Colleague: 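Sending over a structure as structure tokens; questions will come in a sec.
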Amino acid sequence: MQVARRCSDAAMVGNKRRTERMITKRAFRECEVFQALGDADLEQLLSLAVEREYEAGDAIFHQGDVAKDLLVLQGGKAALQMQLSVELPRMSKSVTVDIVTNNDVLGWSAIVEPHFYTFTAVCLQRVNVLAIDGIRFRALLQDNNNIGYVVMNGLIRVVASRLDETRRLLISERLWSPKMEQVGGSRQLATNPAR
Amino acid sequence: MPERNLRVMLASEYPEVRDLLSELAGRERGAVVVGQAENGIKATALARSLRPDVAMLDCRLPHIVGLDAVPLSRMGGLDAALTISQDVPATRVIVVGNLDAEVYGEQGLTPTLEVCLSREAAGATVPFMLQEVLPETLRPSAVVFANVETFASAEAFADAEAFDNVEAREQKSVRQRVAENSDAGILFGGLAIFGGLLLIGTMVLAIPGAIVALAGAGVVSLGIAGRIAAALWLRVSLATEEPGAEREQKGQGR
């Protein structure tokens, strides 16, 4: 597997800055994956997390890197990009497949094998993240069945939601035509697959 | 850095956003919007054909068309930016990251009193003008990630409290800098025009004055010459009349 070290040679400006600040349970409660955890469980999670800050243009992690941390976005916006395996003319080698915003989780490869990031995360704005150490978190999930079940349940909901959106996008692009109807000032996905 | 004409291209799905970006570009001296696009495909094609100096793209630009039921359909802005920066290296590409609910609110697009572009650099949020990020001022093919800063009032804009950097707050606001540059330009231009008129007037007035002076000098010279001539004539006249005068006087004395 070819390791892509940079999101794009044509892209980024900015330096990565890391600051550690006090993290509160509230930050985890607002994330869908950790919402159902109790206070005691959140206390254990707090000890595994550090807060980091990245500037616009920074790459939080690169596709193919070892997935060290599971990340929760606290503010800002980041684009998840996949590197194309071939270079196409007149087209960037990186394609955006998702945009994550406040309270979204990214980098779940830190707890899912084979523990390599499958995307590159590029900051579109200044971003604050909670970075949860992957190795210690996996150990916690194994040792504490309750935390393990709640977290994996929440993660599956997130993954399912993303999968659903991606499928809808795929369908819409296949069905799209210049004659797609405009309804109420906004363009909606055509519901008749026979068109 | 000397200012020069700017050819600017805009890309956003929404006409109101394009109007806002057009207004921001219009504040630059000599800037002209040469093209607008509503999706990523058109934006890249337009950039290749127009080769603008600056391309401002909404980060939530649809690749082809945006669908409300499919939020992921509006994530082509960065891709278009990277493609343009790769295909047209001379174009400075700016991706604006907050042209959605963060700026306009969920109710819809509402006008704001004051806006400016800002970017993050070395931990600070700094306002900037398009001239400052032209290709020769930054690494070629680098994409600039920017935000639109909005202010609820002119006073807030002047205070620039939205910027979290002390130096940025102490900097003059974009509008103040533009206004002061204009005032200084008008003042120095006026002084230059006045000085030029004064010089021309002096030259215009000096010419007849010189003529009069020359004429006067000529008259004086003629007068002096005439005086000298008269004196010489008198001398010569006296010299020729003296022997005749003496014989007459001797004849009268026998």
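Just so we're on the same page: letters track the sequence lines, and every chain starts at 1. Just so we're clear, the structure is a prediction, and the values are computed from it rather than from any experiment.
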Colleague: Under 6.0 Å from the CZ atom of A:Arg157, do we count more than 12 heavy atoms belonging to anything else shown?
Modeller: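 Yes.
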Colleague: Determine the minimum heavy-atom distance between A:Ala56 and B:Phe145, stating which atoms define it.
Modeller: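 Answer, listing the atom of A:Ala56 first, then B:Phe145: CB-CB, 3.5 Å.
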Colleague: I'd like to know which of B:Val95, B:Thr83, B:Ile84 tops the heavy-atom pair count under 4.5 Å against chain A.
Modeller: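 The option with the most such pairs is B:Thr83.
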Colleague: Out of curiosity, A:Glu165 CD to B:Met75 CE, how far, rounded to the nearest 0.5 Å?
Modeller: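 Answer for the CD-CE pair, A:Glu165 versus B:Met75, is 9.0 Å.
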Colleague: Distance check, rounded to the nearest 0.5 Å: A:Leu170 atom CG versus B:Leu72 atom CG?
Modeller: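 Answer rounded to 0.5 Å: 11.5 Å.
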Colleague: Please check this pair: side chain of B:Glu120 against backbone of A:Glu55, looking for a donor-acceptor N/O pair closer than 3.5 Å.
Modeller: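 Side chain of B:Glu120 to backbone of A:Glu55, a donor-acceptor pair under 3.5 Å: no, none is there.
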Colleague: What's the spacing between A:Gln81 CD and B:Leu78 CG if we round to 0.5 Å?
Modeller: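 It is 4.5 Å, given to the nearest 0.5 Å.
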Colleague: For residues B:Cys59 and A:Ile99, report the shortest heavy-atom separation together with the two atoms involved.
Modeller: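 Smallest interatomic distance, heavy atoms only, reads O-CD1, 4.5 Å.
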Colleague: For B:Asp87, which atoms come within 4.5 Å of any heavy atom of chain A: side chain, backbone, both, or neither?
Modeller: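 Contact with chain A involves the side chain of B:Asp87 alone.
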Colleague: With respect to chain B, which residue among A:Leu124, A:Thr96, A:Leu169 yields the maximal number of heavy-atom pairs within a distance under 4.5 Å?
Modeller: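 It is A:Thr96.
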Colleague: Got a second to check how far B:Thr125's OG1 is from A:Arg126's CZ, nearest 0.5 Å?
Modeller: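 Going from OG1 on B:Thr125 over to CZ on A:Arg126, the span is 4.0 Å.
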Colleague: Output the option from B:Thr44, B:Val96, B:Asp79, B:Val93 having the highest count of non-hydrogen pairs under 4.5 Å with chain A.
Modeller: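 Sorted descending by pairs with chain A, the first entry is B:Asp79.
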